Amino acid sequence: MEEINNIEVVPCTESDYLKPFRVHYSQNGTKKSWDFMRTHDSVSVLIFNTTSHCFVLVKQFRPAVYMCEWEKAKTQPPKSAEKTEEGAAEAATESQEGQSASEGESSSQWLPASAGVTYELCAGLVDKPNLSLEEIARQEVLEECGYDVPASKLKKITSYRSGVGVTGAKQTMFYAEVSDDNCVSPGGGEPKEGELIEVVKVPLHEAMTFAYDERIPKTMGVIFSFIWFHNNMSPKYKISTNV
């Protein structure tokens, strides 16, 4: 997961996942326009292992996060205004040897892969019209985390809009209790789809510390679902979630 190379940024002219549009409209007599993306709805699953009393998350490299961090890093001033002749020569050599990216960027200017790694709930796109949301969620839990859970055992937490400024897609969040007996594979995603996912376990008593630690890159779904668990499920297990 840490080895990212041969980066090239190109225009996106066609995609099975994102369709860019611009809408023109009038609101209270004022003409406006807005750019947005049409994309799939999705499901996410908060997984709690009752055997080890821990949450099961996924960790993966997200190109969009990586590129955002890279753009921010580009605008920061260099650490040193002057370079020695030796340092300049080394930088030139690295630039020639490195893989070229878009707009002449050299590989030496890219951030380490860890800049784009995030912790997330198990999740997936709603792109199978013949399956219910619960069945899609069940498939994602099996593929990404290795637990075989009946769709009937998935509890719906809520649904909400995500990325409302750009996509407005709906995500439906479920809760699944699993045990070590339900684990039938190591998970890791579907290799043929290019997925590279690491399964991560967060102990229940460390959950809220994890959620609010800004040094750990994570999605809002992780934070919200941990809070939901604390408010609705923690009394059942009589274990402090360290709030």
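Residues: numbered from 1 along the sequence shown. Hydrogens, waters and symmetry mates play no part in the numbers below; they use all other heavy atoms, side chains included. Quick caveat, the model's predicted, so the values are computed rather than measured.
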Can you hop from [X] to [Y] via hydrophobic side chains spaced under 4.5 Å?
{"X": "Y119", "Y": "Y212", "value": "yes"}
{"X": "L133", "Y": "M173", "value": "no"}
{"X": "L204", "Y": "V200", "value": "yes"}
{"X": "V56", "Y": "I216", "value": "no"}
{"X": "V222", "Y": "V45", "value": "no"}

Donor-acceptor under 3.5 Å ([X] side chain, [Y] main chain):
{"X": "T51", "Y": "D180", "value": "yes"}
{"X": "T118", "Y": "K218", "value": "no"}
{"X": "R22", "Y": "D35", "value": "no"}
{"X": "N49", "Y": "C54", "value": "no"}

Between atom [atom1] of [X] and atom [atom2] of [Y], what is the distance when rounded to the nearest 0.5 Å?
{"X": "R138", "Y": "S132", "atom1": "CZ", "atom2": "OG", "answer": "10.5 Å"}
{"X": "M37", "Y": "S15", "atom1": "CE", "atom2": "OG", "answer": "8.0 Å"}
{"X": "D148", "Y": "Q139", "atom1": "CG", "atom2": "CD", "answer": "11.0 Å"}
{"X": "K155", "Y": "N232", "atom1": "NZ", "atom2": "CG", "answer": "7.5 Å"}
{"X": "S44", "Y": "Y175", "atom1": "OG", "atom2": "OH", "answer": "14.0 Å"}
{"X": "L196", "Y": "K59", "atom1": "CG", "atom2": "NZ", "answer": "11.0 Å"}

Looking only at heavy atoms, what is the nearest atom pair of [X] and [Y], with distance?
{"X": "S185", "Y": "L142", "answer": "OG-O, 4.1 Å"}
{"X": "L154", "Y": "E134", "answer": "CD1-O, 3.2 Å"}
{"X": "S179", "Y": "Y147", "answer": "O-CE2, 3.6 Å"}
{"X": "P217", "Y": "V117", "answer": "CG-O, 3.1 Å"}
{"X": "S42", "Y": "Q171", "answer": "OG-NE2, 2.9 Å"}
{"X": "V199", "Y": "G188", "answer": "CG2-N, 4.3 Å"}

Over 12 non-hydrogen atoms of neighbours within 6.0 angstrom of [atom1] in [X]:
{"X": "K128", "atom1": "NZ", "result": "yes"}
{"X": "N130", "atom1": "CG", "result": "yes"}
{"X": "K19", "atom1": "NZ", "result": "yes"}
{"X": "Y160", "atom1": "OH", "result": "yes"}

Taking the side chain as every heavy atom from C-beta outward, state whether [X] and [Y] have any atom pair closer than 4.5 Å.
{"X": "R161", "Y": "T167", "answer": "no"}
{"X": "H53", "Y": "F48", "answer": "yes"}
{"X": "F224", "Y": "T158", "answer": "yes"}

(message) Between E120 and R62, does the salt bridge (Lys or Arg N to Asp or Glu O under 4.0 Å) criterion hold? Intermediate values first, please.
(response) CA-CA 11 Å; E120 310 169 17; R62 291 298 194 181; 2.8 Å; yes
(message) Between W34 and K32, does the side chain to side chain contact (heavy atoms under 4.5 Å, CB included) criterion hold? Intermediate values first, please.
(response) CA-CA 7 Å; W34 196 268; K32 298 182 177 182; over 6 Å; no
(message) Evaluate C145 against I47 for side chain to side chain contact (heavy atoms under 4.5 Å, CB included), listing each step before the verdict.
(response) CA-CA 9 Å; C145 300; I47 304 171; 3.8 Å; yes
(message) Looking at K72 and E69, is any side-chain nitrogen of the basic one under 4.0 Å from a carboxylate oxygen of the acidic one?
(response)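 Counted as a salt bridge, because a side-chain N and a carboxylate O are separated by less than 4.0 Å.
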(request) Name the orientation class of the two ring planes belonging to F210 and F226 (parallel below 30°, tilted from 30 to 60°, perpendicular beyond 60°). (result)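 Judged by the thresholds at 30° and 60°, the geometry between F210 and F226 is tilted.
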(request) Assert yes or no for the condition that the ring centre distance of F55 to F229 is strictly below 6.0 Å. (result)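 Yes, the ring centres sit under 6.0 Å apart.
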(request) Could I get the full list of side chain to side chain contact (heavy atoms under 4.5 Å, CB included) partners for Y66, not counting sequence neighbours? (result)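 Scan of Y66 (side chain to side chain contact (heavy atoms under 4.5 Å, CB included), adjacent residues dropped) gives I7, F61, W110, L111, A115.
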(request) Only counting residues at least two apart or in another chain, list the ones meeting side chain to side chain contact (heavy atoms under 4.5 Å, CB included) with P203. (result)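 So P203 forms a side chain to side chain contact (heavy atoms under 4.5 Å, CB included) with H205, E206.
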(request) State, without any angle test, whether D127 and Y17 hold a side-chain donor-acceptor pair at a distance under 3.5 Å. (result)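 There is no such pair (donor and acceptor under 3.5 Å, judged by atom type) between the side chains of D127 and Y17.
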(request) Evaluate the criterion side chain to side chain contact (heavy atoms under 4.5 Å, CB included) for residue pair L57 and L121; output intermediate values, then yes/no. (result) CA-CA 5 Å; L57 303 181; L121 297 180; 3.8 Å; yes
